[in-house]
Amino acid sequence: MKGFRQLVRNMLPRWFFVQRGPLGKNVVYLSFDDGPTDGVTNALLDLLRQYEVRATFFVVANKLEDNFALGERIVNEGHLVGNHSYDHIAFGRKALPDQIWQVEAAHQVIARLGQGYRGFRSPQGYWNLKLLIWLAIKRFRAIHWNYDSLDYTIKDADKIISNFSQRPVTDGDIILFHDDSELCIQVLREMLPRWKEQGLEFGLLKDL
Ligand SMILES: [Zn+2]
């Protein structure tokens with residue numbers, strides 16, 4: 001079933017649903033969900049700056065309200081901020097009006113950062129057709145991923161790093177991490193120099 005869903009998603013036009021970037025450009029797309037997190041996101045930004053890597057942060061808007069200066073730092077350092085709902089409620093258990101409220105309320109907070117990006121990633125990657133159509137009409141872009149680091153289930157940096165060795169990233173991959181714990185930093189401290197050495201470049205999801 002999972003493979004079938006992935007196949008269907010791959011067939012959707014990119015203005016409607018984005019799951020991966022183009023092949024042949026040697027560019028991958030790092031994405032961080034569930035922040036910004038005091039004590040984590042700052043250290044992650046330090047690491048990204050060290051390797052001159054840009055990334056997209058799908059923030060939870062009520063966390064952004066509490067850490068707005070951190071959101072400004074994300075933007076000032078050349079990264080992109082996307083919408084990951086207002087308070088990360090489980091979308092699968094909510095009706096469309098509640099889902100819409102989450103997207104719009106989050107957008108109002110995020111818009112104060114001045115980037116104008118309208119990429120939305122649903123909590124837990126939950127999508128349905130009604131939500132996708134509403135997003136398209138309102139010119140929000142649904143952004144999923146195709147490479148999951150599984151940092152929220154594995155909870156072990158060495159294991160995640162070894163998974164990256166066994167199944168290397170390839171160009172066009174949209175890679176999912178979470179900046180609500182330091183795990184992503186432990187993993188990327190190891191992986192960023194490797195990826196840079198391979199000549200991979202790091203794009204922002206607004207450019208897809
Ligand atoms: Zn999330």
Side-chain angles (χ1 to χ4, degrees), residues 2 5-6 9 17-21 28-45 48 54-68 70-71 73-75 79-96 98-111 113 115 117-128 131-132 134-135 140-157 160 163-164 169 173-188 204-206 208:
K2 204 177 164 196
R5 272 208 303 266
Q6 179 123 354
R9 285 170 176 172
F17 187 85
V18 178
Q19 178 163 259
R20 63 167 297 139
V28 296
Y29 303 84
L30 292 181
S31 63
F32 298 94
D33 289 9
D34 295 4
T37 308
D38 201 21
V40 174
T41 307
N42 263 314
L44 173 60
L45 289 168
L48 296 175
R54 303 271 181 269
T56 304
F57 290 77
F58 287 95
V59 300
V60 177
N62 68 353
K63 290 184 76 177
L64 176 62
E65 281 178 324
D66 292 344
N67 299 280
F68 202 75
L70 207 40
R73 185 182 166 195
I74 293 172
V75 168
H79 306 289
L80 183 65
V81 173
N83 182 334
H84 193 42
S85 82
Y86 184 75
D87 59 13
H88 210 277
I89 202 154
F91 265 41
R93 286 195 228 119
K94 290 288 163 188
L96 186 63
D98 293 329
Q99 296 170 349
I100 289 172
W101 183 87
Q102 287 280 330
V103 178
E104 289 186 326
H107 183 68
Q108 281 184 14
V109 182
I110 292 163
L113 290 169
Q115 280 190 318
Y117 176 57
R118 299 176 72 85
F120 171 73
R121 178 176 281 164
S122 176
Q124 291 135 3
Y126 172 87
W127 306 104
N128 67 39
L131 175 61
L132 288 171
W134 179 84
L135 290 167
F140 285 103
R141 205 122 177 261
I143 311 280
H144 203 69
W145 61 84
N146 70 305
Y147 196 120
D148 189 346
S149 71
L150 295 171
D151 57 351
Y152 53 96
T153 53
I154 294 179
K155 307 270 182 206
D156 174 349
I160 296 167
N163 285 350
F164 273 119
V169 301
D173 281 349
I174 299 174
I175 307 164
L176 173 65
F177 282 104
H178 294 80
D179 62 327
D180 61 345
S181 94
E182 288 186 358
L183 206 57
C184 63
I185 299 169
Q186 293 161 15
V187 172
L188 288 173
L204 297 177
L205 287 166
K206 72 177 170 56
L208 285 183

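Start at 1 and go down the list; that is how both ligands and their atoms are numbered.
- Proximity of Ile143 to Tyr29: side-chain heavy atoms (C-beta onward) are nowhere separated by under 4.5 Å.
- Tyr147 meets the ring pair (Phe, Tyr, Trp, His ring centres under 6.0 Å) test with Phe164; sequence neighbours excluded.
- Side chains of His107 and Phe120 form no contact here, defined as non-hydrogen atoms less than 4.5 Å apart.
- Judged purely by distance below 3.5 Å, without hydrogens or angles, the side chains of Tyr86 and Gln108 never pair a donor atom with an acceptor atom.
- Ring orientation note: the planes of Phe32 and Phe177 are close to parallel, at an angle under 30° on the 30°/60° scale.
- Take a cut-off of 2.8 Å around the Zn ion (ligand 1): the protein N, O or S atoms inside it are Asp34 OD1, His84 NE2, His88 NE2.
- Side-chain contact, His178 with Asp151: a donor N or O sits under 3.5 Å from an acceptor N or O.
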